[in-house]
Amino acid sequence: MQLAEISSVSLAFLGSGGAGVISTGELLLEAACKNGWYGLLTRSVGPQIRGGEAAAMLRLATQPVDCHADRFDLLVAVDWLNAQRFALEMPLGPRTIALCDPESGAVPEFVRAAGVRVIELPLKAMTAANPEWRPNMIALGAALRVLGLPEDAARAAIENRFGDKGAAVIVASLAAVKGGADAVESGVLPARLPAPAASGTARWRISGNQAVGLGAVRGGVRFAAAYPITPATEILEWLALNLAKVGGALVQAEDELASINMIIGGSYAGAPSITATSGPGLSLMVEGIGLATAAEVPIVVVDVMRGGPSTGIPTKSEQSDLNIALYGMHGDAPHIVVAPQSVSDCVFTAQWATYLAEAMQIPVLLLSDQFMGQAHAAIDRPADVAFVGQRRIARDIAGTYRRYSLNGPNVTAMALPGTPGGQYTADGLSHSERGTPSSAASDHRAQLDKRANKVHEFDFGDHWATLHGSGEIAVLTWGSVTGAVLEGIALARTDGIDVRVIAPRLLLPAQPERMAAALGGVRELIVIEQSHGAQFYRYLRAHYHLPRNVRVVNSAGPLPLRPGDIYRELTAERAA
Amino acid sequence: MQLAEISSVSLAFLGSGGAGVISTGELLLEAACKNGWYGLLTRSVGPQIRGGEAAAMLRLATQPVDCHADRFDLLVAVDWLNAQRFALEMPLGPRTIALCDPESGAVPEFVRAAGVRVIELPLKAMTAANPEWRPNMIALGAALRVLGLPEDAARAAIENRFGDKGAAVIVASLAAVKGGADAVESGVLPARLPAPAASGTARWRISGNQAVGLGAVRGGVRFAAAYPITPATEILEWLALNLAKVGGALVQAEDELASINMIIGGSYAGAPSITATSGPGLSLMVEGIGLATAAEVPIVVVDVMRGGPSTGIPTKSEQSDLNIALYGMHGDAPHIVVAPQSVSDCVFTAQWATYLAEAMQIPVLLLSDQFMGQAHAAIDRPADVAFVGQRRIARDIAGTYRRYSLNGPNVTAMALPGTPGGQYTADGLSHSERGTPSSAASDHRAQLDKRANKVHEFDFGDHWATLHGSGEIAVLTWGSVTGAVLEGIALARTDGIDVRVIAPRLLLPAQPERMAAALGGVRELIVIEQSHGAQFYRYLRAHYHLPRNVRVVNSAGPLPLRPGDIYRELTAERAA
Amino acid sequence: MSAEPKPAYKASDFKSDIAPIWCPGCGDYHVLLSITRALAQLGKPPEQVAIVSGIGCSSRIPAYTNCYGFHGVHGRALPIATGLKVIRPDQTVIVTTGDGDGYSIGGNHFLHACRRNLDLTMIVMDNHIYGMTKGQPSPTTEPDLDTALTPGGTGLRPFNPLVIALASGANFVARAFAGNIGQTTSIIVDAVTHPGFSFVEILSPCVTFRPDQRSWKTQVHPAPVDATDDPARAARRIMTDDGFNLGVLYRGNRQPYTPKFGGSGCDLSELEREFEL
Amino acid sequence: MSAEPKPAYKASDFKSDIAPIWCPGCGDYHVLLSITRALAQLGKPPEQVAIVSGIGCSSRIPAYTNCYGFHGVHGRALPIATGLKVIRPDQTVIVTTGDGDGYSIGGNHFLHACRRNLDLTMIVMDNHIYGMTKGQPSPTTEPDLDTALTPGGTGLRPFNPLVIALASGANFVARAFAGNIGQTTSIIVDAVTHPGFSFVEILSPCVTFRPDQRSWKTQVHPAPVDATDDPARAARRIMTDDGFNLGVLYRGNRQPYTPKFGGSGCDLSELEREFEL
Ligand SMILES: Cc1ncc(C[n+]2csc(CCOP(=O)(O)OP(=O)(O)O)c2C)c(N)n1
Ligand SMILES: Cc1ncc(C[n+]2csc(CCOP(=O)(O)OP(=O)(O)O)c2C)c(N)n1
Ligand code: SF4
Ligand code: SF4
Ligand SMILES: [Mg+2]
Ligand SMILES: [Mg+2]
């Protein structure tokens with residue numbers, strides 16, 4: 001089994017805190033990307049805030065990649081301090097090459113056990129000889145050479161990054177890169193990246209969290225309220241800087257109870273509004289989300305999922321907030337749940353989420369996760385799409401204004417403060433058409449119907465899911481796991497196994513007719529997700545008719561699923 | 001169709017605020033009950049805090065009753081002010097008798113439209129003649145006579161209630177009751193309550209909310225933290241008074257975030273602990289519940305459900321917090337969800353909930369609702385059961401203490417503060433056996449397994465559900481709707497339709513094997529619940545294999561389901 | 001069009017057609033009247049005023065006015081008002097809340113709204129009780145009040161919201177009594193006019209659960225000294241007064257917070273530059 | 001058994017074997033040392049002490065001690081400590097938190113814990129920043145600190161936790177500096193010993209996100225006057241000091257709150273009486 005279809009190489013830089021391996025990874029991604037390749041970079045660090053061990057894990061490819069590969073081809077260790085803790089995150093094999101300096105400590109057990117071929121890179125000696133060379137720059141040069149990239153590929157990236165540190169730093173860095181390249185032989189790596197094909201679109205380097213911010217602004221968001229939390233903070237930080245540029249604003253809140261209610265206020269006042277958080281913060285927001293449902297105030301709430309329950313593992317990915325996103329509100333509280341499937345898809349899905357919120361005057365939850373949120377990817381510029389929030393606004397109001405009118409479309413025109421004659425009180429109590437509190441069964445049921453129907457009537461179109469292939473075996477998956485699944489079935493196809501993939505981007509409301517069509521002719525279903533409790537599987541059972549023959553692969557975080565895991569599930573299925 | 005099986009009469013007292021109709025209802029319930037009958041009393045009031053219209057709705061019977069009947073037999077109006085707003089809550093028919101004073105306003109439309117037989121009760125004239133008679137006492141007397149109860153039946157109840165107001169009040173009240181009785185004829189009512197059969201057990205008058213408090217204390221609860229909310233406050237108020245009597249304590253918290261965390265602290269310190277709230281408060285508690293799951297701290301959280309979403313209808317019942325109770329926590333957070341089925345069952349279920357929490361060191365959510373929580377019922381004293389919280393405690397600790405040990409039973413011994421050698425830090429972060437924060441996949445997955453397995457291994461026994469009958473048609477229902485369902489199928493049986501009822505008291509963890517056995521041979525399934533979003537039905541689909549032929553009767557609040565509604569569904573089913 | 005000297009609005013222009021559900025005699029009727037009178041005096045049309053509340057008897061106010069309103073969830077009126085005001089600085093935004101909604105569950109937002117100092121007015125109808133849920137103690141309840149939830153009393157010292165407001169940075173602090181409609185109206189006008197976060201505590205009796213508060217009308221009296229602009233002095237005065245001093249007690253001169261808006265804004269494509277390689 | 005004059009415990013008896021994950025040079029190392037030294041001086045065995053925290057770098061403290069501990073969720077340390085102390089008044093209960101955990105998300109519990117005045121000690125490691133989430137402003141951050149979340153600064157006046165503590169009813173208020181281990185230790189001993197709710201604000205530099213705080217060690221100085229028992233005076237002093245006065249600033253004499261327990265309690269059947277007819 002070979003990764004031939006993807007033509008990618010995978011490598012990791014390892015080192016202790018301060019060794020600068022993360023920047024090395026970023027520089028390499030930028031370099032490869034500027035030279036026409038695509039790629040993905042994720043980071044792993046120890047529990048320390050600063051100064052602990054760190055790893056930059058990269059995959060470079062001739063086409064976009066949304067997940068890591070099954071094995072690393074190259075490991076470059078600036079030192080081995082506490083590297084053992086990355087053992088599970090870093091699958092290695094006999095075809096892996098490790099570049100390291102024997103003077104920087106013994107090769108850790110997991111590297112040796114994998115049968116990795118160790119090649120010496122005399123970092124200590126080189127920096128002793130050239131005190132202005134930094135070991136991570138030497139490592140970068142060595143990696144470029146081993147991968148077969150010209151060391152000059154990194155020049156622009158280095159100039160860009162160290163521009164404000166002065167010419168001397170740039171010169172020293174370039175020299176170190178050259179030194180590193182010259183210290184190793186090319187051709188040691190069995191895998192090799194073919195020259196990139198030219199792409200018609202501009203190439204971007206972006207993280208999933210930045211992509212969510214950009215998509216939201218494209219969709220019309222102009223107000224955000226923020227309470228920081230790992231791994232969602234970068235969305236808020238991106239919005240803080242960029243909303244101001246487009247005439248919007250971000251306010252830091254005292255807690256998540258405040259942030260959710262601030263965006264309800266901002267949206268009531270007329271601005272498409274967003275907040276971003278992770279599981280613990282979402283827990284504190286569910287009361288506010290229910291209020292937005294009842295008062296029909298559009299908002300977008302992003303949850304970048306991390307390991308749970310409770311504080312869990314803040315820096316690692318999991319898909320275990322599905323339940324709370326789908327069902328976490330008290331009472332019958334219709335809302336929308338969407339989930340992007342890759343860094344690139346974060347742009348589209350966040351834009352679409354904003355559009356949906358505004359179109360239906362409803363809260364939309366967007367479920368991203370730590371894996372794609374904090375990954376940096378080199379991608380094609382995401383296409384411009386027409387989804388821009390267009391709220392039904394009441395303008396020239398004559399007669400009694402009925403905010404929650406039952407005469408006409410279920411999405412009713414909203415008066416914005418300042419509009420004469422449109423004064424009404426938005427309310428979380430059961431209410432009449434005018435918004436006046438009412439405990440009458442008739443009002444209660446009519447407004448429950450209105451809120452449910454506006455969602456069920458809406459045509460969500462083809463974006464509801466990614467559909468791929470047409471085999472009798474289907475995989476149902478969602479979110480960032482989709483990337484690995486698509487690669488896994490590509491591998492299986494080389495074995496002649498034809499597998500269909502259905503990955504809903506729209507989780508709520510369920511789309512039973514579309515799903516039935518997508519599942520037509522499926523004999524065996526494999527549900528693949530990253531939660532301990534098989535939350536996605538239970539959700540599918542609750543809302544869809546599934547084939548009789550279902551297998552569930554529910555693997556808790558924090559380790560990501562890889563294409564080979566999927567491939568093994570598919571071939572095991574066949575063998576069984 | 002007759003309510004022959006139940007032998008009950010239903011009546012309502014109506015009046016404006018201050019008219020005292022609620023006390024009239026309470027006195028009548030007490031009187032009937034002291035004389036050997038069973039009964040149920042619910043109240044309905046306008047939105048005003050004080051001074052609005054009010055109704056006391058009673059059903060008196062020769063056996064325990066858990067729901068209202070389909071029609072009222074008797075309506076006693078002290079006045080008709082705004083009575084129209086009770087129209088939907090008060091089904092009337094041509095066999096209904098209304099006692100009222102033509103001088104107190106016109107008979108409202110809904111009463112006239114139902115063809116009710118109106119009988120005059122000259123309240124104004126009588127109070128004019130006897131200024132010390134209160135109209136509601138006259139009404140009580142009239143009701144006693146019409147129902148065929150001796151007016152002396154109320155003597156003890158009146159003496160009990162007005163004891164501290166002095167002898168004159170008692171004398172006047174008894175005179176007014178006598179006057180009221182004499183003002184109407186007995187025998188006007190087509191239905192009549194047979195004399196009660198003697199019961200072996202003591203008779204209690206208790207509300208569902210009081211019953212939850214009592215059950216919890218029986219189960220061992222000794223600490224509560226409280227933030228008031230309708231319709232749960234009475235649980236907290238009962239506990240405030242009574243915990244102190246049994247060596248426990250209640251603390252009023254500043255909000256629900258505090259109350260949930262206070263009981264986590266109290267339970268960590270060793271006291272079985274509880275809080276009670278309703279939907280909006282539960283929304284604020286989900287983060288804390290997740291912490292209790294992760295840190296394995298036993299707690300009981302009662303949610304007395306009201307109309308939702310958001311602030312909804314605080315004073316009316318609904319079963320729409322099922323979703324948040326089952327799925328409202330972020331991450332994979334195993335916990336227990338139980339639901340009592342009647343006022344009497346509240347005692348058992350709250351006691352069992354405490355036992356389960358302590359046995360598994362886990363949060364237990366108890367879902368009651370406004371209907372049974374605020375209903376007053378005359379019942380047999382609930383049986384003593386052996387379920388008393390017994391936590392596994394670490395006592396003589398030698399060597400390293402492992403709070404979350406993976407060697408041995410999944411429920412691990414908990415050290416209480418003060419125990420030498422047992423010091424550990426409880427943590428909501430993913431952790432090792434000792435409780436030390438860890439982001440290692442192995443620790444994360446091992447502890448997720450531990451927490452899931454301790455629940456799945458537990459034997460919940462026969463209390464998991466109420467099972468009744470054996471027909472090929474089955475009704476699946478839950479909570480306070482169960483009472484109406486059981487009566488509805490009793491009605492259907494008189495038509496020769498044999499229907500099975502399965503009402504799970506344990507909602508989480510699901511019990512697939514027990515459910516499969518309970519559903520054996522079922523050809524048609526009717527799911528009956530009080531939520532707009534069919535939350536129970538979706539839950540059943542997610543967790544159980546249901547027969548192909550399923551019909552869902554999901555009726556949102558605030559109107560309760562009545563036996564006749566169920567009967568009609570069953571007979572419609574047959575006709576179809 | 002023509003500049004008229006006489007007021008353009010009457011109090012009734014700010015009253016909605018919805019009948020309040022309050023108990024007869026509740027202090028909140030007077031507060032509603034004072035608010036509508038103050039708004040008439042302020043002279044902005046009703047659609048340029050937004051009133052935001054949480055949950056409680058006092059929080060029912062928005063729908064009884066003819067302004068834009070938001071009756072949010074319990075304790076969260078201030079964050080909603082914050083979002084509203086940030087997006088629509090042209091609106092007059094008033095928060096109407098109670099001692100439970102504003103000081104107990106909403107205490108954190110109270111602290112931080114004072115500190116944030118947006119140009120908002122917060123009016124608290126303080127009746128030292130949770131009225132809506134039928135009589136549980138609030139943070140301002142006396143320690144010995146016997147209630148079903150706290151038999152024999154809480155044993156806790158009531159807290160002093162005016163001092164908290166000052167300590168947290170409110171820019172205007174006043175105390176009023178619901179029954180003094182004239183004074184309350186003018187304090188509200190003053191509070192709304194004063195820049196930054198204005199805090200008005202109104203003693204508003206709950207006749208149903210605190211019938212003893214009927215005596216408040218004999219206990220209140222005007223503050224013996226004028227407002228100061230020294231928060232330390234104001235705090236000291238309030239900490240040592242009898243709790244019934246009425247009037248404006250502090251009038252600060254901190255600049256109100258105005259969030260940084262980017263004006264009309266650049267083209268979206270400019271945001272994309274950072275991603276391009 | 002035999003009454004020994006010399007201390008029964010060393011600071012190391014209160015230290016666990018878990019290595020802190022703090023950055024080298026973080027002020028919290030010193031706070032941990034001061035706490036363990038203070039506990040040794042207080043002389044109760046480790047199992048009779050419970051340390052409760054929320055989430056943040058500072059909130060990591062419990063597991064680094066050898067006491068009972070609870071590392072709860074963000075902002076909720078005080079309620080957990082409240083439940084614990086109510087049930088186990090025999091335990092010494094200390095809350096260790098940060099300026100984000102204690103004053104931002106946890107602000108409401110801070111207010112109400114001061115007011116409730118249980119016999120607890122709250123230690124806040126204030127570094128004017130959210131350390132754990134990598135450098136966002138907290139309520140005590142200076143208005144002009146440029147951060148990614150607040151480019152150009154928040155524009156908000158930092159709030160004064162000591163004044164809030166006083167205004168809300170804390171019974172003991174002190175300020176310490178992490179680097180002064182001796183003084184900090186004795187303040188903690190004093191705080192734990194003083195009845196009721198004791199509040200200790202410790203300036204604890206975040207070397208990573210606030211390297212400028214390295215200068216704190218030259219700025220701090222002993223408070224020029226002794227502690228007062230007059231909260232109004234203490235508030236005024238603190239409102240006008242430079243923020244670097246160290247020492248015990250207020251020592252109140254309110255009775256600590258003790259919840260009403262029913263002693264060993266009656267038979268359960270007594271509770272049933274009210275239901276019997
Ligand atoms: C989250 C939540 N918790 C509790 C409640 C119940 N509740 C409604 S109003 C109220 C207290 C209101 O007190 P206050 O603000 O003083 O208003 P008042 O009725 O006295 O004017 C409470 C506890 C709620 N609606 N939501
Ligand atoms: C509900 C919730 N919101 C946000 C977070 C993220 N978070 C963790 S620690 C922290 C701030 C901690 O600041 P502080 O208390 O000052 O601690 P420091 O790290 O500075 O010592 C935040 C926002 C969280 N864990 N939970
Ligand atoms: S309960 Fe009290 S606060 Fe509420 S309306 Fe009645 S008098 Fe007013
Ligand atoms: S980030 Fe700051 S507060 Fe956190 S450990 Fe490092 S220095 Fe200490
Ligand atoms: Mg109040
Ligand atoms: Mg901090």
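Order of the sequence lines fixes the chain letters, A, B, ..., with proteins taken first and strands second; residue numbering starts at 1 for each chain. When reading the values below, keep in mind they use all heavy atoms of this one structure, side chains included, and skip hydrogens, waters and symmetry mates.
Between the side chains of A/W238 and C/E274, a donor-acceptor pair is found at a separation under 3.5 Å.
A distance of 10.5 Å separates CG of C/L78 from CG of A/N261, quoted to the nearest 0.5 Å. Atoms CZ and CD, on C/F14 and A/Q423 in that order, are 9.5 Å from each other to the nearest 0.5 Å. If you take CG on A/D427 and CZ on C/R60, they are separated by 7.5 Å, rounding to the nearest 0.5 Å.
None of A/Q210, A/R205, A/R381 except one satisfies the side-chain contact (heavy atoms from CB on, under 4.5 Å) rule with C/F275; the exception is A/Q210. When each of A/V246, A/N242, A/L214 is paired with C/L268, the side-chain contact (heavy atoms from CB on, under 4.5 Å) condition holds for A/V246 and for no other.
Both the backbone and the side chain of A/A415 come within contact range of chain C, each with at least one heavy atom under 4.5 Å from a heavy atom of that chain. For C/E276, the parts lying under 4.5 angstrom from a heavy atom of chain A are both the backbone and the side chain. For A/A271, the parts lying under 4.5 angstrom from a heavy atom of chain C are both the backbone and the side chain. Contact of A/R218 with chain C is made through backbone and side chain together, with heavy-atom distances under 4.5 Å. Neither the backbone nor the side chain of C/P45 comes within less than 4.5 Å of any heavy atom of chain A. Heavy atoms of C/R115 lying under 4.5 Å from chain A are absent altogether. Of the atoms belonging to A/D255, it is side-chain heavy atoms, and not backbone ones, that fall under 4.5 Å from chain C. Residue contact with chain A, scored on non-hydrogen atoms closer than 4.5 Å, is absent for C/A50. With a 4.5 Å cut-off on non-hydrogen atoms, C/V86 touches chain A through its side chain but not through its backbone. Interface residue A/L429: only side-chain heavy atoms are found under 4.5 Å from chain C.
A/A295 and C/F70 make their closest contact through CB-CZ, 4.0 Å (heavy atoms, listed as atom of the first residue, atom of the second, distance). Residues A/P417 and C/R88 approach most closely at O-NH1, 2.6 Å, considering heavy atoms. When every heavy atom of A/A258 is checked against every heavy atom of C/P79, the shortest pair comes out as O-CB, 3.5 Å.
Between chain A and the residues C/P259, C/P62, C/C67, the most heavy-atom pairs under 4.5 angstrom are made by C/C67. Comparing A/A249, A/S207, A/A378, A/G213 by how many heavy-atom pairs each has under 4.5 Å with chain C, the most go to A/A249. The choice from C/H109, C/Q91, C/Q48, C/K85 that makes the most heavy-atom pairs within less than 4.5 Å of chain A is C/H109. Of the listed residues A/T425, A/V251, A/L416, the one with more heavy-atom pairs under 4.5 angstrom with chain C than any other is A/T425. Ranked by heavy-atom pairs under 4.5 Å with chain A, the first of C/R76, C/H112, C/H74, C/K44 is C/R76. Contact count against chain A (heavy-atom pairs under 4.5 Å) is highest for C/I87 among C/I87, C/I21, C/I51. Per-residue counts of heavy-atom pairs under 4.5 Å with chain C were compared for A/E30, A/R434, A/R222; the largest is that of A/R434. Comparing A/G428, A/G418, A/P437 by heavy-atom pairs within less than 4.5 Å of chain C, the highest count is held by A/G418.
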- May I have the step-by-step check of side-chain contact (heavy atoms from CB on, under 4.5 Å) for A/W204 and C/L277, ending in yes or no? CA-CA 6 Å; A/W204 281 11; C/L277 282 168; over 6 Å; no
- Message: Run the salt bridge (charged side-chain N to carboxylate O under 4.0 Å, His left out) test on A/K245 and C/D267 for me, step by step, so that the C-alpha distance in whole Å, both residues' side-chain angles and the decisive distance to 0.1 Å come before the verdict.
- Response: CA-CA 9 Å; A/K245 294 187 193 156; C/D267 197 74; over 6 Å; no
- Message: For a side-chain contact (heavy atoms from CB on, under 4.5 Å) check, start with the C-alpha distance between C/I80 and A/L291, then their side-chain angles and the critical distance, and finish with the verdict.
- Response: CA-CA 11 Å; C/I80 290 186; A/L291 172 62; 3.9 Å; yes
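Other residues, nucleotides and ligands place no more than 12 heavy atoms under 6.0 Å from the CG atom of A/D396. For A/E159, the CD atom sits in a packed shell: over 12 heavy atoms of surrounding residues, nucleotides or ligands are nearer than 6.0 Å.
Relative ring orientation between A/Y424 and C/Y68 is described as perpendicular, the plane-to-plane angle rising above 60° on a 0-90° scale split at 30° and 60°.
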